[in-house]
Amino acid sequence: MGSGSNMVHSPMVTYASMLSLLSLCPPFVILLWYTMVHADGSVLQTWDYLRQHGLEGLINIWPKPTAIAWKIIACYGAFEAALQLLLPGKRVEGPISPTGNRPVYKANGVLAYAVTMVTYIGLWWFGIFNPTIVYDHLGEIFSALIFGSFVFCIFLYIKGHVAPSSTDSGSSGNIIIDFYWGMELYPRIGKNFDIKVFTNCRFGMMSWAVLAVTYCIKQYETYGKVSDSMLVNTILMLVYVTKFFWWEAGYWNTMDIAHDRAGFYICWGCLVWVPSVYTSPGMYLVNHPVTLGVQLSLYILVAGTLCIYINYDCDRQRQEFRRTNGKCLVWGKAPSKIVATYTTTTGETKNSPLLTSGWWGLARHFHYVPEILAAFFWTLPALFNHFLPYFYVVFLTILLLDRAKRDDDRCKSKYGKYWKLYCDKVPYRVVPGIY
């Protein structure tokens, strides 16, 4: 794939985003942790501290990666890698790549998730390992992840040059773009170990569930009970992560896996940003137990679960539509569609049906709406004393709106006039009637 023809962003944008990711995200992860855990979730308190102490203050806050942090990460990483390799699973084929390769996966996500959760809670239950250790060393763990993941991305870059796994790889001729956007679409170690499935799903998404449970246990060990707000937050996050693993094979068809290469942008994000930022509402609740009362707790739980279900149902609808080639029912009737024709890089002409009814008739990326709302509902138990717990909701909104735009641009260049027809039929991008 000549990166020039398929460049996601201009070199200028890549440089800017690379520099901001490198310079702003690592300190942000540390400051987020520090504020949630040591500054009562108050941005002002952290801001005052930094204003008084400047850069030295940040260096003082920044925990050194300790041996115990590396040990925890290594054990967790090795455990997840072993599960990914060894657990049985159905053989699933991914979408055909630009150079005509079809990646083959072993779908054992649900099993890996179940084994991980049972093992983790079991270790705590039988007094073998106390998850509060993870919380107590969280800053050091994030710090180690920041540096470790950077080294991991250098490894990916070198591997892409020296030993690419498939023909879906190659250099753009620019070292920074190669490092940032990645050299390979589907890097593997050996024939069976898919690196992207490991970083995105088994390390990143799995850590979300592991940390959600960790925060819950920490609160229990500190206060002798778990507050209803913490329960609501943890349950909703776990429902979401469970949905993710249930649908993991579908995730392998999405932009993250099928279009974005395995570079610093996606791998560092999944290894560092997901465990730290995505779990942050729970991190805040550990030391700030809010009592919601039964009624409010149930309202939030039901609303959050409904959003997660709609998000899942959107994906299910489209998958079913693709699988049956449109010969299925959508909301009880035959789906309406536009059959788009496009030409592959090898010059073949192919058809792709675009669904224009059901959830997908409401907006082109309607499934982002319930996803953002779900994040809002699992943050809501923190109430509104502080803005910081809501950072993830704000970040997710920006991320998904950007992704919707990137996806639209990609489809526009892929489908041409058919995309215009599709946009005429489904005029809104994300929010029906508004955007």
Check: residues 390-400 side-chain donor-acceptor pairs under 3.5 Å, at least two apart:
residue, atom, partner, partner atom, Å
Tyr390, OH, Leu383, O, 3.0
Thr397, OG1, Val393, O, 2.7

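- For an aromatic pair to be called close, the ring centres must be under 6.0 Å apart, and Tyr34 with Trp62 fails this.
- A distance below 6.0 Å separates the ring centres of Phe198 and Phe193.
- Listed by chain and number, the residues in a ring-ring contact (aromatic ring centres under 6.0 Å, His included) with Trp419 are Tyr422 (sequence neighbours excluded).
- Applying the ring-ring contact (aromatic ring centres under 6.0 Å, His included) test to Trp252 and every residue at least two apart in sequence or in another chain returns Tyr105.
- Using modelled atom types, no side-chain atom of Ser42 and backbone atom of Ala39 make a donor-acceptor pair closer than 3.5 Å.
- A search for salt bridge (charged side-chain N to carboxylate O under 4.0 Å, His left out) contacts involving Lys196 returns nothing, not counting sequence neighbours.
- Partners of Leu55 under the side chain to side chain contact (heavy atoms under 4.5 Å, CB included) rule, at least two apart in sequence or in another chain, are Leu58, Ile59.
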May I have the list of side-chain donor-acceptor pairs in residues 68-76 shorter than 3.5 Å, sequence neighbours left out?
residue, atom, partner, partner atom, Å
Tyr76, OH, Arg202, O, 3.3
Tyr76, OH, Phe203, O, 3.0
Tyr76, OH, Ser207, N, 2.9

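- Ring centroid separation for the pair Trp273 and Trp208 does not come in under the 6.0 Å cut-off.
- Residues forming a side chain to side chain donor-acceptor pair (under 3.5 Å) with Gln52 (at least two apart in sequence, or on another chain): none.
- With ring centers used as reference points, Trp359 lies under 6.0 Å from Phe366.
- Residues satisfying the side chain to side chain donor-acceptor pair (under 3.5 Å) criterion with Ser357, sequence neighbours excluded, are absent altogether.
- In this structure Tyr223 satisfies the side chain to side chain donor-acceptor pair (under 3.5 Å) test with no other residue, sequence neighbours excluded.
- Applying the salt bridge (charged side-chain N to carboxylate O under 4.0 Å, His left out) test to Asp40 and every residue at least two apart in sequence or in another chain returns nothing.
- Within a 6.0 Å sphere centred on CD1 of Ile175, heavy atoms belonging to other residues, nucleotides or ligands number 12 at most.
- Partners of Ser280 by side chain to side chain donor-acceptor pair (under 3.5 Å), not counting sequence neighbours: none found.
- Residues satisfying the salt bridge (charged side-chain N to carboxylate O under 4.0 Å, His left out) test with Lys414, not counting sequence neighbours, are none.
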